[in-house]
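Since we're looking at a predicted model, the values are computed, not measured.
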Amino acid sequence: MFTKLLDALKATRRTIVFTEGPDARILEAASRLMKEDLMDVILIGNVDEVKAAAEKGNFCICKAQIIDPATYEGMDEMVAKMVELRKGKMSEEECRAALAKGNYFGTMLVKMGKADALLGGATYSTADTVRPALQLIKTKKGAHLVSSSFILYREGKDGPEKYCMGDCAINIDYPDTLDKATGEVIFSGAQKLAEVAVESARTAAFFGIDPKVAMLSFSTKGSGKGGTVKLSHDATAIAKELAPELAIDGEMQFDAAVSPVVGQLKFPGSPVAGYANTFIFPCIEAGNIGYKIAQRLGGFEAYGPILQGLNAPINDLSRGCNAEEVYKMAIITAGMA
């Protein structure tokens, strides 16, 4: 699971910034990362508070760089850069106020090349982690939206099992984007879902999964109508055009996606039906419920959400995370830099 990432970290030294320096889970994970010499660490927060929290938990952070936005010597330069990036959308005073917070400050450290990657969300909401990334790091060339996927992993009878599921954390649904003046569709919901599918396939490949992408629905090959059936059907066609080299098919039900018998009965001749390992959900409700069922009832370890479509690796933690999850997500995040 982590071999490629660890090799990348050994080959090139990375620096990761944690937006919530005083958090005990962050400190425990950071201590372990530095003890194993996997990466350089920046902790954001009041220096005395961070050191006190580390001492209380008996965590060694002597190799970490602790930066307090309130005393940061390069703040004026950072504010000026953020004002430039926001292009009149935020005043100097608003930018300075935002940079007093760890989420914005940490994101600007990445933007200005002071760090290679960022991991946050132990106390911040997903929105508070993603918003600064969208505003400052921005989407990479060709990307129209930020999405996410989870990597599901468990040891099976015949060896490791790995799957990718998207989007389970960022996009609630996929409405058409309309021109405000004319009302014409300028980027359809199906185009958005297709982009999620292609990005998730790339994430899957990064983690050693040969992606076979199933566009999920409650319908298989037109067996049902209504709901998100048309969305998944249309997104399949668009995704095939975007990435003709990928095995993508749909729309299909989950049983058709994973059972060869059911899949080839309901969707004969499909290169994906029955053999899917990358699952694209038509809305966040299905995705979030689906991956949590796999995690809690299926015994899978769930790594994510891994954010897709950004110019730099910025990832989000669950506020219910533990130190082990922080440690592993830090390896994933830095390893993707």
Asker: For residues Ile332 and Ile314: do they belong to one hydrophobic cluster (side chain heavy atoms under 4.5 Å, members Ile, Leu, Val, Met, Phe, Trp, Tyr)?
Answerer: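 No; tracing contacts between hydrophobic side chains, which count when under 4.5 Å, never links both residues.
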Asker: Is it true that the side chains of Asp176 and Ser188 contain a donor and an acceptor less than 3.5 Å apart?
Answerer: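 Looking only at side-chain atoms, Ser188 and Asp176 do not form any donor-acceptor pair under 3.5 Å.
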Asker: Considering only residues two or more places apart or on different chains, which pairs with a residue in residues 284-320 satisfy ring-ring contact (aromatic ring centres under 6.0 Å, His included)?
Answerer: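 Of all non-adjacent pairs touching residues 284-320, those that pass ring-ring contact (aromatic ring centres under 6.0 Å, His included) are Phe2-Tyr303, Phe150-Tyr291, Tyr163-Phe300.
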Asker: Looking at residues at least two apart in the chain, or sitting in another chain, which of them share a salt bridge (charged side-chain N to carboxylate O under 4.0 Å, His left out) with Glu324?
Answerer: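 Result, salt bridge (charged side-chain N to carboxylate O under 4.0 Å, His left out) vs Glu324: Arg32, Lys328.
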Asker: What's the separation between atom CZ in Phe254 and atom OG in Ser259, rounded to the nearest 0.5 Å?
Answerer: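 Reported to 0.5 Å precision, the distance equals 10.5 Å.
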Asker: Is there a donor-acceptor contact under 3.5 Å linking the side chains of Lys221 and Ser270?
Answerer: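 Per modelled atom types, Lys221 and Ser270 side chains form no pair under 3.5 Å.
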Asker: Going by atom types only, do Ser147 and Asn171 share a side-chain donor-acceptor pair under 3.5 Å?
Answerer: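 No donor-acceptor contact under 3.5 Å links the two side chains.
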Asker: We want to know whether His144 and Gln191 form a side-chain donor-acceptor pair, criterion being a heavy-atom distance below 3.5 angstrom.
Answerer: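 His144 vs Gln191: no donor-acceptor pair found between side chains.
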Asker: Using a 6.0 Å distance limit plus a 45 degree cone around the ring axis, check whether Lys4 lies over the aromatic ring of Phe206.
Answerer: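 Judged by the rule (NZ or CZ under 6.0 Å from the ring centre, within 45° of its axis), Lys4 counts as positioned above Phe206.
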Asker: Looking at Lys81 and Glu77, is any side-chain nitrogen of the basic one under 4.0 Å from a carboxylate oxygen of the acidic one?
Answerer: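 Looking at Glu77 and Lys81, the cut-off is not met.
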Asker: Donor-acceptor pair, distance only, cut-off 3.5 Å: does the side chain of Ser219 make one with the backbone of Gly224?
Answerer: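 Yes.
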Asker: Is it true that Asp37 and Lys35 make a salt bridge, defined as a side-chain N closer than 4.0 Å to a carboxylate O?
Answerer: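 Salt bridge: no.
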Asker: Between Asp249 and Lys212, does any side-chain N to carboxylate O distance fall below 4.0 Å?
Answerer: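 Salt bridge absent between Asp249 and Lys212.
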Asker: Where do Val272 and Val213 land on the side chain to side chain contact (heavy atoms under 4.5 Å, CB included) test, with the steps shown first?
Answerer: CA-CA 7 Å; Val272 173; Val213 185; 5.8 Å; no
Asker: Which is it for Asp40 and Gln65 under the side chain to side chain contact (heavy atoms under 4.5 Å, CB included) test, yes or no, and what are the steps along the way?
Answerer: CA-CA 8 Å; Asp40 294 326; Gln65 183 181 5; over 6 Å; no
Asker: When you look at Ile66 and Lys51, which way does the side chain to side chain contact (heavy atoms under 4.5 Å, CB included) test go after all the steps?
Answerer: CA-CA 9 Å; Ile66 306 171; Lys51 289 183 176 180; 3.9 Å; yes
Asker: Can you tell me how far the CE atom of Met75 sits from the CD1 atom of Ile67, to the nearest 0.5 Å?
Answerer: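 Answer for the CE-CD1 pair, Met75 versus Ile67, is 10.0 Å.
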Asker: My understanding is that a hydrophobic cluster links ILVMFWY residues whose side chain heavy atoms are under 4.5 Å apart, including indirect links. Using that, what else belongs to the cluster containing Val229?
Answerer: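 Same cluster as Val229: Phe218.
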Asker: Does Leu178 sit in a hydrophobic cluster with other residues, and if so which ones, taking ILVMFWY side chains as linked at heavy-atom separations under 4.5 Å, directly or through other members?
Answerer: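 ILVMFWY cluster around Leu178 also holds Val185.
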Asker: Using distance alone, with no hydrogens and no angle criterion, decide if Asp316 and Thr126 have a side-chain donor and acceptor under 3.5 Å apart.
Answerer: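 Result is yes, a qualifying pair exists.
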Asker: Could you list who else is in Ile284's hydrophobic cluster, with ILVMFWY side chains joined at under 4.5 Å, directly or through other members?
Answerer: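 Traced through the cluster, Ile284 reaches Ile172.
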Asker: Roughly how far apart are His233 NE2 and Leu231 CG, rounded to 0.5 Å?
Answerer: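 Between His233 NE2 and Leu231 CG, I get 11.5 Å after rounding to 0.5 Å.
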Asker: Hey, are Tyr327 and Glu36 close enough side-chain-wise for a donor-acceptor pair under 3.5 Å?
Answerer: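 Their side chains do contain a donor-acceptor pair, which is all the 3.5 Å distance test asks for.
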Asker: Charged N to carboxylate O under 4.0 angstrom, Glu199 versus Lys140?
Answerer: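 Counted as a salt bridge, because a side-chain N and a carboxylate O are separated by less than 4.0 Å.
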Asker: Would you please say whether a donor-acceptor pair under 3.5 Å links the side chains of Gln253 and Ser217?
Answerer: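 No.
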Asker: Under a 4.5 Å cut-off applied to non-hydrogen side-chain atoms, are Tyr124 and Glu20 in contact?
Answerer: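 The answer is yes; the side chains approach within 4.5 Å.
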Asker: Using links of under 4.5 Å between side-chain heavy atoms of ILVMFWY residues, direct or through other members, which residues join Ile293 in one cluster?
Answerer: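 Via sub-4.5 Å side-chain contacts, Ile293 links to Ile289, Leu297.
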Asker: Would you confirm whether the ring centroid of Phe105 sits within less than 6.0 angstrom of the ring centroid of Tyr72?
Answerer: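 Close enough - the centres of the two rings lie under 6.0 Å apart.
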